[in-house]
Amino acid sequence: MSLISVENEVPGFVQALPCGTTAGGSSNLNTDRADQIRSVLAVVPFDGGGTACLFNQARGHLVADLQGWFTPGSFDDVADVRLLDTRTGARPATGSQTLIHGRPNTTAVVSLVATDTTGPGYVQVLPCGATPGASSNLNTDAAGQIIAGMAMVRFGADGRACVFVQTSTHLVVDVQGWFTPGSFDDVADVRLLDTRVK
């Protein structure tokens, strides 16, 4: 689902969740000041009756567009599992890679949040030790921001992946689900368009 927050009155978060459950365990979209327009992709669990709910912490408008469905058996939609929250300790340093653990040889869909940013930069999920910079999963353009997004993360045979930060920022990473073997062709990133290239 494409999820958009428009005309929020104060900073807050939006979370897609089963109706009637308690919000706040994770977020799909974050705003850090009033009157922003923020958009993300989210994996939304619909119940047997075809319903789901969106929790909006701050008063504002929401726009949700369905983009597709996972075929039965192709995606293990688990309750969100927190893999990383650096807010409980030191902020990852500029240019560093922080380890996350998952299922070996499996691709996950994760919610990726940069919070308490120290300046412009990007966040990239990559194999540990790989050279960053070929692509990004999140971008920040100022200090003090909270930016959320969704990323596909390939965990290696040892169950490891890393999150690179170009500029020091706190990170929150939550698993939203796992692709079952053979259901997702996880290729190395291929750039399809860059209008900056002349």
Side-chain angles (χ1 to χ4, degrees), residues 1-3 5 12-31 38-48 51-57 64 67-92 96-117 123-130 136-138 146-165 169-186:
M1 169 181 295
S2 168
L3 182 59
S5 172
F13 69 91
V14 179
Q15 182 182 3
L17 69 172
C19 297
T21 60
T22 302
S26 61
S27 66
N28 297 101
L29 184 149
N30 296 79
T31 58
R38 290 276 175 85
S39 64
V40 296
L41 292 176
V43 174
V44 178
F46 289 88
D47 65 20
T51 62
C53 283
L54 297 174
F55 172 81
N56 197 5
Q57 185 185 33
Q67 296 196 320
W69 305 95
F70 292 108
T71 58
S74 66
F75 188 72
D76 183 7
D77 188 5
V78 298
D80 289 358
V81 177
R82 180 139 299 161
L83 298 183
L84 177 67
D85 187 347
T86 65
R87 297 172 299 179
T88 60
R91 184 187 337 222
S96 67
Q97 295 187 19
T98 303
L99 179 67
I100 55 176
H101 293 276
R103 294 179 185 172
N105 293 319
T106 308
T107 298
V109 174
V110 302
S111 167
L112 180 64
V113 182
T115 183
D116 195 19
T117 60
V123 177
Q124 182 183 4
V125 183
L126 70 175
C128 296
S136 66
N137 296 102
L138 281 181
I146 303 172
I147 305 287
M150 191 174 80
M152 310 298 185
V153 177
R154 177 68 180 173
F155 289 89
D158 56 2
R160 294 160 36 117
C162 280
V163 185
F164 170 82
V165 293
T169 184
H170 278 300
L171 297 168
V172 181
V173 181
D174 296 305
V175 167
Q176 295 191 328
W178 303 91
F179 288 101
T180 56
S183 66
F184 182 74
D185 187 3
D186 191 356

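Bear in mind the structure is a predicted one, so any value in this text is a computation, not a measurement.
- Atom CG of Asn28 is separated from atom CG of Leu41 by 10.5 Å, given to the nearest 0.5 angstrom.
- Between atom CG of residue Asn137 and atom CG of residue Leu112 there is a gap of 6.0 Å, rounded to the nearest 0.5 Å.
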Name every donor-acceptor pair, under 3.5 Å, that has one atom in a side chain of residues 123-130 and the other anywhere in the protein, sequence neighbours excluded.
unit_1: Gln124; atom_1: OE1; unit_2: Gly133; atom_2: N; d: 2.8

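- Of all heavy-atom pairs between His170 and Gly89, the closest is CE1-O, 3.5 Å.
- By the side chain to side chain donor-acceptor pair (under 3.5 Å) test, Thr115 is found to be paired with no residue, residues two or more places apart in sequence or in another chain being considered.
- Every residue meeting the side chain to side chain contact (heavy atoms under 4.5 Å, CB included) condition with Gln57, not counting sequence neighbours, appears here in chain and number order: Phe13, Phe55.
- Taking Thr22 as the reference, nothing meets the side chain to side chain donor-acceptor pair (under 3.5 Å) condition, with sequence neighbours excluded.
- When all heavy atoms are compared, the tightest approach of Ile100 to Cys162 is CG1-N, 4.4 Å.
- Note that OG1 of Thr31 is 8.0 Å distant from CG of Asn56, once rounded to the nearest 0.5 Å.
- Thr169 places none of its side-chain heavy atoms less than 4.5 Å from the side chain of Pro92.
- A search for side chain to side chain donor-acceptor pair (under 3.5 Å) contacts involving Thr106 returns nothing, not counting sequence neighbours.
- One finds the OG atom of Ser39 at 9.0 Å from the CG atom of Leu3 (value rounded to the nearest 0.5 Å).
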Determine whether Ser111 and Asp80 satisfy the following criterion, side-chain contact (heavy atoms from CB on, under 4.5 Å), listing intermediate values before the conclusion.
CA-CA 9 Å; Ser111 167; Asp80 289 358; 5.9 Å; no
Test log, rule side-chain contact (heavy atoms from CB on, under 4.5 Å), inputs Val113 and Asn30
CA-CA 8 Å; Val113 182; Asn30 296 79; 4.1 Å; yes
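- In this structure, Trp178 and Phe155 have tilted ring planes: the angle between them lies in the 30° to 60° band.
- Partners of Ser74 under the side chain to side chain donor-acceptor pair (under 3.5 Å) rule, at least two apart in sequence or in another chain, are Thr71.
- Annotation: salt bridge (charged side-chain N to carboxylate O under 4.0 Å, His left out) contacts of Arg154 (sequence neighbours excluded): none.
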Pair Phe70, Val43 - check side-chain contact (heavy atoms from CB on, under 4.5 Å), show working.
CA-CA 10 Å; Phe70 292 108; Val43 174; 4.1 Å; yes
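- Atom CE of Met150 is separated from atom CG of Leu29 by 12.5 Å, given to the nearest 0.5 angstrom.
- Looking at residues two or more places apart in sequence or on another chain, you find a side chain to side chain contact (heavy atoms under 4.5 Å, CB included) between Thr21 and Leu17, Pro18.
- Under the rule for a side chain to side chain contact (heavy atoms under 4.5 Å, CB included), the partners of Val44 that lie at least two apart in sequence or sit in another chain are Met1, Ala16, Ala42, Phe46, Ala52.
- The shortest heavy-atom contact between Leu54 and Ala64 is CD1-CB, 4.2 Å.
- Under a 3.5 Å cut-off, the side chain of Gln15 and the backbone N or O of Gly24 do form a donor-acceptor pair.
- Residue pairs meeting the salt bridge (Lys or Arg N to Asp or Glu O under 4.0 Å) criterion with at least one partner in residues 100-116, sequence neighbours excluded, are Asp76-Arg103, Arg91-Asp116.
- Looking at heavy atoms from C-beta onward, Val110 lies out of side-chain contact with Gln176 at the 4.5 angstrom threshold.
- Pairs of residues two or more places apart, or lying in two chains, that qualify as salt bridge (Lys or Arg N to Asp or Glu O under 4.0 Å) and include a residue from residues 172-182 are Arg82-Asp174.
- In this structure, CZ in Arg38 is found 9.0 Å from OG in Ser5, a value given to the nearest 0.5 Å.
- In terms of the ring pair (Phe, Tyr, Trp, His ring centres under 6.0 Å) criterion, residue partners of Phe164 (sequence neighbours excluded) are, by chain and number, Tyr122.
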